[in-house]
Each structure stands twice: as structure tokens, then as C-alpha cells.
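Only one structure is covered here, and it is reproduced in the block below.
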There are 2 protein chains.
Amino acid sequence: MRKTRVTLKDVANKVGVHSSTVSRVLNPETRKMVTEEIAAKILSAATEMGYRPNAFAQSLKTNRSFTVGLMVPDLTNPAFAPIIKGIDNMLEAHGYSVIVANTYNLPEKQQSTVEKFRERHVDGLIIATAKRKDKLIDDCRREGTPFVQAVRASNDTDVSSVLSDEHIGGNMVISHLAQLGHKRIAYVAGPQLFSTGYERYQGFLQGMKNAGLKPDRDLVVFCDEFSEEEGRNATSKLLAGRKKFTAVYAGNDIMALGVYDELEADGIKCGKDISVVGFDDMPFADKFNPPLTTVHTPLVNVGAEAARILLENISDPDILARSIKLKPDLIVRASTGRVK
Amino acid sequence: MRKTRVTLKDVANKVGVHSSTVSRVLNPETRKMVTEEIAAKILSAATEMGYRPNAFAQSLKTNRSFTVGLMVPDLTNPAFAPIIKGIDNMLEAHGYSVIVANTYNLPEKQQSTVEKFRERHVDGLIIATAKRKDKLIDDCRREGTPFVQAVRASNDTDVSSVLSDEHIGGNMVISHLAQLGHKRIAYVAGPQLFSTGYERYQGFLQGMKNAGLKPDRDLVVFCDEFSEEEGRNATSKLLAGRKKFTAVYAGNDIMALGVYDELEADGIKCGKDISVVGFDDMPFADKFNPPLTTVHTPLVNVGAEAARILLENISDPDILARSIKLKPDLIVRASTGRVK
DNA sequence: ATATGTTATGCAATCGTTTGCATAGCTTTT
DNA sequence: AAAAGCTATGCAAACGATTGCATAACATAT
């Protein structure tokens with residue numbers, strides 16, 4: 001029951017010096033100010049007594065918490081795990097801790113989360129919840145705490161962000177499908193109020209153009225969320241329409257799963273009768289039935305880069321905003337095939 | 001650029017009272033000590049000025065951080081997402097923030113993480129990394145910070161834990177398989193140094209006994225980690241052996257995926273030729289090929305209960321340790337079928 | 001009118017660090 | 001040997017909140 005933690009003063013008393021001297025020794029930057037012999041004595045006493053600095057006291061004095069806040073919509077979405085991993089690994093290596101919060105796409109939740117983070121004086125924020133137009137981002141900018149957007153970004157040009165290049169992804173998908181002979185390609189679009197939903201749709205349009213295909217308005221369905229259910233709904237709408245299609249390209253892998261479901265329910269074999277493509281390459285996308293052809297976005301790297309930029313921004317608050325788009329890859333699996 | 005945060009003193013000056021009065025008003029417990037009229041004035045001034053308490057200063061004084069540390073082996077494992085969600089939701093509702101750390105099953109990492117948490121003076125710990133015999137748990141117990149184990153637990157009886165009831169799970173699986181006519185059931189065991197690996201194996205043995213079946217030593221393979229690769233290796237060993245088997249029960253879903261791979265590679269149809277069962281019911285287990293019959297462990301609840309117990313333990317440190325085992329369910333899908 | 005009790009507020013110490021400044025104890029210069 | 005210059009350490013004031021104690025101000029009892 002050693003409830004009483006060892007403090008600077010304890011160490012100081014033991015060695016017979018003043019606590020400020022101990023502080024200087026324990027801080028690498030100021031270590032050289034004190035006589036080597038004494039420093040050594042202090043160091044050994046500190047480790048022997050098991051001294052650990054009190055992070056509160058330090059932070060209170062220095063106004064740095066070595067803590068960053070991370071906002072994600074819902075970490076039950078498996079695509080976020082690799083992102084968090086990338087963030088965590090990068091930050092941890094620099095002595096930072098990460099506080100995670102789910103916001104479930106609820107504005108109030110987002111607001112309260114930012115306030116919580118402010119109270120805890122996080123040194124920076126990573127925001128993976130932004131809408132294309134987001135008051136929250138304005139607030140954050142005004143407030144002054146360094147932050148970077150990851151995965152999704154608002155339209156603001158003067159804030160840093162790390163995304164995957166959704167346009168290129170779209171191009172790759174369509175050119176792949178076109179090569180397989182597909183012409184009538186349906187698009188199941190994610191929510192357009194998120195950059196992912198919007199940009200991927202733009203990528204689809206551009207890809208069609210580049211492939212010399214004309215997107216059919218009746219073969220595009222917009223969804224309200226990136227969910228299986230919305231994927232199913234969209235697909236049933238497509239099936240109910242009178243327009244034929246030979247391939248479905250979905251706004252993300254989870255929606256693609258919904259597409260699978262609804263097609264199968266209609267007796268249609270995914271990958272044989274109709275090709276399906278997703279986006280993200282979420283974990284286990286290769287295990288689905290059939291294994292899903294999808295755009296692999298380097299999720300771990302998105303996280304890591306976001307963290308890196310944030311660190312730069314923390315150490316130099318006046319650095320200019322940077323936007324990074326990471327190149328995705330097309331992963332061809334069994335859900336796409338030559339048009340019948 | 002409002003870098004300067006509003007402090008208690010600022011509010012006090014504005015209203016013309018002392019900062020201690022403001023403190024009392026802002027703290028619900030002591031609000032009644034001050035005249036209503038003044039309290040109202042302070043309250044409105046505080047909100048108007050946008051006062052937010054400085055968490056460090058508070059924590060320094062009160063020795064409470066309203067922060068808890070969470071250690072997981074690897075949050076890339078999709079099974080952990082729901083657990084974290086359960087934890088986060090519960091703690092958040094009580095004003096706590098969660099700091100997550102991956103330890104990748106590395107003892108040094110675990111050690112350094114606990115130290116980091118100590119520095120940050122977390123009010124409690126949730127540990128999902130424990131081995132059956134774990135020095136770390138001893139350390140934590142000695143140290144005195146409240147903690148609870150989740151998912152996995154050490155053998156210690158006097159520490160709290162929240163697990164799923166692995167034995168019952170095993171029974172359900174075996175009785176299901178027996179009912180389908182399976183007698184020669186192989187077991188791909190997870191690492192025995194984790195309670196999950198060990199208890200599930202015990203559950204398998206017990207289930208066999210209850211079903212009047214004799215486990216065949218040659219049909220049990222022990223793996224070093226809960227990974228697809230180990231699942232594959234184990235399966236190839238089983239296939240190489242001369243003993244026939246009609247079903248494979250794996251220590252968790254991820255290993256079951258490895259089993260799938262290796263069986264398919266051998267031209268064996270999972271669910272038809274050989275039945276396969278997993279454990280956990282990880283997200284998207286219903287999307288695999290074939291959809292996986294598995295033991296559903298209530299992951300969100302495991303997290304939530306762990307958090308609840310921790311909260312109790314924080315508010316009353318002398319409370320006695322509690323161990324909760326949540327009842328799992330068998331989810332029958334297409335990976336199991338009548339024996340051929 | 002004085003003594004007593006009650007209550008609302010202020011004072012000041014404290015939590016454990018960090019850090020600018022003062023100073024004691026040297027060394028070096030002249 | 002006195003003056004000047006270093007350097008290593010200590011002193012004490014922060015940081016922003018909480019809280020036991022003192023006290024001013026008023027109400028009540030005698």
C-alpha cells in the first residue's frame with residue numbers, strides 16, 4: 001500500500017539538495033547545469049526511490065499535456081482500427097497519449113467532446129468526423145489548438161488534412177470494370193455531406209468520363225449513411241428500376257456488403273452475374289463471400305501521417321496547413337469478373 | 001487568437017468576489033453555501049465568459065484525474081472494438097476519459113504502459129492483456145490503483161474481472177456438433193497462457209465429456225497465437241495426421257478463418273465436408289464464406305461491465321473483488337452441418 | 001443593549017513542478 | 001591581494017484550482 005508517491009522534494013531531501021536541482025537534473029535540457037557528481041547521485045536516488053513525475057503538476061506549469069484528442073465517428077467500424085493504430089504508434093513514440101472519443105456523427109456529441117478535450121488541455125486534436133461544411137472545424141480553427149483532419153475533411157483549405165486520394169481510386173475502379181467489358185455501372189453513393197462520400201462520387205464520374213462511359217442518372221443512388229442497410233436499400237432501388245446494370249460500385253466496403261446481401265437475396269451471384277466493388281479494403285474484406293474487389297486505402301499510414309503532421313504543428317504552431325492525399329491501390333478479388 | 005483561458009480568478013474579478021466563492025458556486029456540492037443571488041451572478045458570468053476549469057489544476061489538488069487507462073493487445077483485432085465501445089460509453093457517461101494503449105503482447109510494452117498511466121495518475125485501469133500468470137497483475141495489485149481485467153484474466157482470485165463464460169460456450173458448441181452427428185471433433189486451441197485459450201480448451205474437454213465423446217489427443221493442436229496463420233498451421237497438421245475428423249472447433253474466429261483457408265486449399269468444403277466453429281462472434285463473422293457458426297460473446301457488455309465495476313472500485317477502493325462471467329450464445333450459421 | 005449564534009465570504013495554504021533571479025563560493029585577472 | 005567574472009545551487013513565485021479556518025455581518029436570545 002504505497003499510496004504516497006515519491007515527489008521531487010523527497011528525492012531532494014534524500015540527496016540533501018533543493019528540489020529545483022533535482023528538477024534540473026531530471027530534465028535532460030538542464031542537466032548540464034549541475035555538477036556531474038551531484039547529478040549522478042540524484043539520478044541514482046531517483047531511480048532507487050522510484051520517482052515518477054506528476055504529470056498534472058508538470059502540465060500545469062508548462063501548459064503542455066503530451067496528450068492528444070482523437071475524434072472518430074464510431075470505432076466499431078473496423079476501418080478505424082488501423083487508423084487509430086497508425087496514430088497511436090506515431091504519437092506514443094513521441095511521448096504522447098491518445099484520448100479517443102466516439103461521436104456517432106452527432107453534432108452535440110462532437111461539441112461536448114471538443115470541450116472535454118479543451119478542459120483536458122490536449123496539445124492537439126485529430127478529427128476524423130468532419131463534414132464538408134462543419135461548424136466544429138471553424139470553432140477549432142478559432143480556438144487555436146493545433147489539429148488535423150484525417151480520413152474525412154471539411155472544405156476549408158487552410159487546415160491540415162490527411163486523406164486518401166478518392167479520385168484516383170474511382171478512376172482505377174472504373175477502368176478495371178471497363179476493361180472487363182462493363183458499361184452499365186451503377187453507383188451506390190455514400191453521404192455527400194462527407195468528403196469521402198462526395199469525392200468518391202466525383203471520382204466515379206471522372207472515371208466514367210475517362211473511360212468514355214456515360215454515367216446513367218438512374219443508376220446512381222445516394223445513401224444517408226455508410227451502412228449495410230443503406231447499401232441494401234440502394235440495391236433494392238436499383239433492382240426495382242427498369243435500367244439494367246452489370247456492375248455496382250459502392251461508396252465503401254460496408255455498403256458493398258449490403259449490396260451483396262440484396263443481390264444474393266434476388267438470386268444474383270455477386271462476381272459472376274453482377275460485379276461489385278467497394279472502397280477502403282477494410283480488414284477481412286478478403287474473407288467475404290465472394291472476396292471483395294476494393295480500393296485499398298493505406299489506413300495505417302493515414303493515421304500515422306495525420307499524427308506526424310499534428311506533431312509538426314504542435315512544435316511549430318505557425319507552420320502552414322498541409323493537405324496530404326495518399327495513393328490508394330486497387331485490390332482485385334473475386335467480386336468482379338468479365339461482363340456476361 | 002484567444003490563447004488566454006478564462007480562470008476562476010477572472011470570473012471572480014468580473015463579479016467582484018473571491019475566487020474561492022466562484023469555486024464553491026461552480027461545484028454543485030458546495031453551491032448551497034453561497035447566497036443565491038450571488039451564485040446566480042457568478043453562474044451567468046462564468047458561462048458568459050466561457051469558463052472551463054483547468055483539469056490539471058483540479059487533478060493536482062484533488063488527486064483525481066477522471067481518466068482511466070485501457071490496455072489492449074492490439075486494437076486491430078476487430079473483436080476489441082465493441083469492447084472499447086462498451087467501456088467508453090459507460091465511462092464517458094460518468095465524466096471519465098479513456099486513454100488507450102496497444103501492448104502487442106509485449107511484456108516491456110505492458111510495463112512501460114502501466115508506468116505511463118501511473119504518471120498520468122489514471123484513476124483506474126482496465127487490462128485486457130493479462131496472461132494466466134502475470135507479473136504485471138501482481139505489480140498493479142501492489143501499487144494500489146483500482147483495476148479490473150476484461151476478456152482475459154490472470155489466475156488471481158482477488159482481483160476483479162469480466163469475462164465470458166468459456167466453459168458454457170464449449171458445451172454449447174460440442175452439443176451442437178454432437179447433435180449433428182459429429183463424433184470426431186478436432187480442436188484448434190489458442191495459446192494456453194491466456195485464460196481464453198485455456199478455459200476454452202477446458203470447455204471443449206468438458207463439452208466432449210458431457211456429450212459422451214472422447215477427445216482424441218491427436219486431434220488437438222495447440223497454437224502460439226490467436227492468428228489466422230496459426231489456424232492454418234494447425235489445420236495442415238491435422239490434415240497431415242492420419243486421424244479422420246468431421247469437425248474443427250477453433251479457439252477463436254480468427255483462427256477459424258485460418259482453418260477455412262487450409263481446408264479450402266485442400267479442396268474441402270467448409271460446412272459441407274467438414275464443419276467449422278469459432279468463438280467470439282467478431283464483427284462480420286456472418287459475412288465469411290461460409291458464414292461462421294460461432295459462440296457469441298457479448299463484447300459490448302463485457303466492456304460496459306468492466307467499466308462499471310471499475311467505477312465502483314474507484315468510488316469505494318475497499319470493495320471486494322468481483323468476477324463476472326457473461327453468458328455467451330451459440331450462433332448457428334452455415335459453417336456447421338450434419339456429418340457426412 | 002449586550003451576549004450568543006448563525007451564516008456567507010474571504011484568506012491563505014496546498015498540490016508538485018518549473019524557472020527567473022539572487023547569491024555563495026570559486027577561479028581568474030591585474 | 002583586490003576586483004571582476006563564472007558557475008553551481010538555492011530561493012521563491014508562479015500555474016489554477018480546492019478547502020479548512022478565520023471573520024465580518026447580521027439575526028436572535030437574554
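A note on names: the letters A, B, ... follow the listed sequences, proteins ahead of strands, and every chain is numbered from 1.
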Margin query: Considering every strand and a 4.0 Å limit on heavy-atom distances, what is the contact class for B:S20: base, sugar-phosphate, or nothing?
Written below: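 Base contact.
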Next item on the list: Describe the nucleic acid contact of B:R64 in one word from base, sugar-phosphate, nothing, applying a heavy-atom distance below 4.0 Å.
Entry: nothing
Can you tell me the distance, in whole Å, between the [atom1] atom of [X] and the [atom2] atom of [N]?
X      : N      : atom1 : atom2 : value
A:K9   : C:dA13 : NZ    : C1'   : 12 Å
A:E29  : C:dT17 : CD    : C1'   : 16 Å
A:M33  : C:dT18 : CE    : C1'   : 12 Å
B:I42  : D:dA17 : CD1   : P     : 14 Å
B:N63  : D:dT18 : CG    : P     : 13 Å
A:N27  : C:dG20 : CG    : P     : 12 Å
A:L26  : C:dT18 : CG    : C1'   : 12 Å
B:R120 : C:dG16 : CZ    : P     : 18 Å

Of the nucleotides [options], which one has an atom closest to the side chain of [X]?
X     : options                : result
A:L8  : C:dT18, C:dG16, D:dG16 : C:dT18
B:P53 : D:dT9, D:dA17, C:dG16  : D:dA17
B:H18 : C:dA12, D:dG10, D:dA17 : C:dA12
A:I38 : D:dT9, D:dG16, C:dG16  : D:dT9

Notebook entry, point to check: Is B:R5 salt-bridged to B:D10, cutoff N-O under 4.0 Å?
Noted result: no
Next item on the list: Write down the atom of A:A45, the atom of A:V15, and the distance for their closest heavy-atom approach.
Entry: CB-CG2, 3.6 Å
4.5 Å side-chain heavy-atom contact, [X] and [Y]:
X      : Y      : result
A:V98  : A:E92  : no
B:R141 : B:D138 : yes
B:V114 : B:E143 : no

Is there a side-chain polar atom (N or O) of [X] under 4.0 Å from OP1 or OP2 of [N]?
X     : N      : value
B:T35 : C:dT9  : yes
A:T7  : C:dG16 : no
A:S23 : C:dT17 : no
A:S19 : D:dG10 : no
B:Q58 : D:dG16 : no

Notebook entry, point to check: Side chains of A:S161 and A:S323: donor-acceptor distance under 3.5 Å anywhere?
Noted result: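 Note: A:S161 and A:S323 side chains meet the donor-acceptor criterion.
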Next item on the list: On DNA chain D, check which nucleotide each of B:L60 and B:T30 is closest to and give me the residue with the more 5' one.
Entry: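 Mapping each residue to its closest nucleotide by heavy atoms, the 5'-most match is B:L60.
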Note to self: Given the structure, check if the side chain of A:K61 and the base of C:dT17 hold any donor-acceptor pair shorter than 3.5 Å.
What the structure shows: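 Result: no qualifying N/O pair found.
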Item checked: Polar side-chain contact A:R24-D:dG10 base: donor and acceptor under 3.5 Å ->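 Pair found.
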